[in-house]
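Input: a single structure, listed below in structure tokens.
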Amino acid sequence: LWERAGDLFSEVEQFKAAIDAYIRGECWEKARDLVRGPARQFRDLVERAHRESLARSGDAAGMAATGETDSALEMFASQGKWDRVFDLASKAGPAVYANYAFRFARPALERGRAGEIVATFARYGAPAVAAELPFYDRLVRALFGGTLARHESDETLVAARDVMYK
């Protein structure tokens, strides 16, 4: 319905009305085709509406694809999709990666999941942040001291050694 309305408005060169109809119907390709042609002045309107639609629907992958990295990272983190967070954050730069790495790692350590932290750091790198040295101290103590060390697999301990020497 909205797509057909957009097509009709476009045929009579009512481009703003056509774009509004395409936006309402979430016909993003049709709206983009129009702003690539005779309705260039509405490009920002279409892109903003598309980003807002992705945000409302929780489409973090779509947000990342449109270049909205910060929003996508927050969505992935709130959804608990940490592998997606780390993939995207590691491409966004060391400071961004470090922020999300420790947002994941602090609660994981509190829950006794040191092995998950080591696996993540082994895969994506351990952020070198001087302010986080107390965290690394707690992580090492959790891995090698007390009863937790008896619960970690040999692979986890080997990975921890490799992470510490990088």
Side-chain angles (χ1 to χ4, degrees), residues 19 22-33 35-36 42-166:
I19 287 172
Y22 290 142
I23 289 171
R24 293 277 310 263
E26 297 188 356
C27 306
W28 303 113
E29 286 310 308
K30 289 256 187 168
R32 284 190 177 117
D33 287 343
V35 299
R36 280 193 284 267
F42 300 113
R43 181 179 181 273
D44 290 341
L45 172 70
V46 170
E47 293 308 315
R48 185 174 46 253
H50 186 231
R51 286 190 305 270
E52 289 169 3
S53 172
L54 293 169
R56 275 192 309 277
S57 67
D59 184 356
M63 292 294 283
T66 63
E68 294 291 320
T69 304
D70 293 339
S71 298
L73 285 166
E74 285 301 318
M75 278 188 207
F76 283 136
S78 69
Q79 296 166 358
K81 297 180 178 177
W82 289 104
D83 282 339
R84 301 291 302 269
V85 169
F86 298 134
D87 285 336
L88 188 56
S90 64
K91 295 172 188 161
V96 174
Y97 169 69
N99 174 43
Y100 285 97
F102 289 112
R103 277 180 58 181
F104 163 78
R106 283 186 205 101
L109 187 58
E110 295 301 318
R111 290 189 309 270
R113 301 184 126 161
E116 288 180 35
I117 299 166
V118 169
T120 299
F121 287 177
R123 181 171 179 192
Y124 297 100
V129 179
E132 295 297 342
L133 287 177
F135 169 82
Y136 285 113
D137 181 56
R138 288 193 319 275
L139 178 61
V140 168
R141 289 177 192 278
L143 287 167
F144 297 110
T147 58
L148 192 58
R150 287 180 241 138
H151 297 291
E152 296 298 337
S153 69
D154 288 343
E155 292 99 19
T156 298
L157 297 175
V158 168
R161 181 201 63 206
D162 294 343
V163 165
M164 288 187 286
Y165 285 107
K166 283 187 181 179

Query raised in the report: Does Tyr100 reach the side chain of Ser90, with side-chain heavy atoms less than 4.5 Å apart?
Result: no
Query raised in the report: Could you state the interatomic distance from CE (Met75) to CZ (Arg84), rounded to the nearest 0.5 Å?
Result: 12.0 Å
Query raised in the report: Taking only residues two or more places apart in sequence or in another chain, which ones pass side chain to side chain contact (heavy atoms under 4.5 Å, CB included) with Ala31?
Result: Tyr22, Val46
Requested in this report: With sequence neighbours excluded, tell me which residues meet side chain to side chain contact (heavy atoms under 4.5 Å, CB included) with Ser78.
Outcome: none
Query raised in the report: Under the salt bridge (Lys or Arg N to Asp or Glu O under 4.0 Å) rule, what pairs show up with a residue in residues 97-108, not counting sequence neighbours?
Result: Glu74-Arg103, Arg106-Glu132
Query raised in the report: When you check the gap from the basic side-chain N to the acidic O, do Arg111 and Glu116 get nearer than 4.0 Å?
Result: no
Query raised in the report: If you count the non-hydrogen atoms of other residues, nucleotides and ligands that lie under 6.0 Å from CZ in Arg32, is the total more than 12?
Result: yes
Query raised in the report: Between Asp87 and Lys91, does at least one N-O distance fall below 4.0 Å, as a salt bridge requires?
Result: no
**Report entry** Residues in salt bridge (Lys or Arg N to Asp or Glu O under 4.0 Å) contact with Arg51, at least two apart in sequence or another chain
**Finding:** Glu68
Report summary line: Taken to the nearest 0.5 Å, the spacing of Arg141 CZ from Leu139 CG works out to 11.5 Å
Query raised in the report: Should the pair Tyr124 and Tyr97 be assigned to parallel (<30°), tilted (30 to 60°) or perpendicular (>60°) ring geometry?
Result: tilted
Query raised in the report: Which residues pass the side chain to side chain contact (heavy atoms under 4.5 Å, CB included) test with Ala49, sequence neighbours left out?
Result: Ile23, Trp28
Requested in this report: Would you indicate whether Arg36, at its atom CZ, is surrounded by more than 12 heavy atoms from other residues, nucleotides or ligands within a distance under 6.0 Å?
Outcome: yes
Query raised in the report: Do Leu109 and Arg113 come close enough that some side-chain heavy atom pair is under 4.5 Å?
Result: no
Query raised in the report: Which of parallel (below 30°), tilted (30 to 60°) and perpendicular (above 60°) describes Phe86 and Phe104?
Result: perpendicular
**Report entry** Between CD on residue Glu52 and OG on residue Ser71, distance to nearest 0.5 Å
**Finding:** 11.0 Å
Report task. List the atom of Ala105, the atom of Ile117, and the distance in Å for their closest heavy-atom pair. Result -> O-CD1, 3.3 Å
Query raised in the report: Can you name the nearest heavy-atom pair linking Ala64 to Ala72, along with the distance?
Result: N-CB, 3.6 Å
Report task. Search all heavy atoms of Val129 against all heavy atoms of Ala98 and return the closest pair with its distance. Result -> CG2-CB, 3.9 Å
**Report entry** Residue pair Ala77 / Val85: nearest heavy atoms and the distance that separates them
**Finding:** N-CG2, 3.4 Å
Query raised in the report: OG1/Thr69 to CG/Leu88 distance, rounded to the nearest 0.5 angstrom?
Result: 5.0 Å
Query raised in the report: What pairs meet the ring-ring contact (aromatic ring centres under 6.0 Å, His included) rule with one or both residues in residues 54-77, with sequence neighbours excluded?
Result: none
Query raised in the report: Are the side chains of Arg123 and Asp83 in touch, meaning some heavy atoms are under 4.5 Å apart?
Result: yes
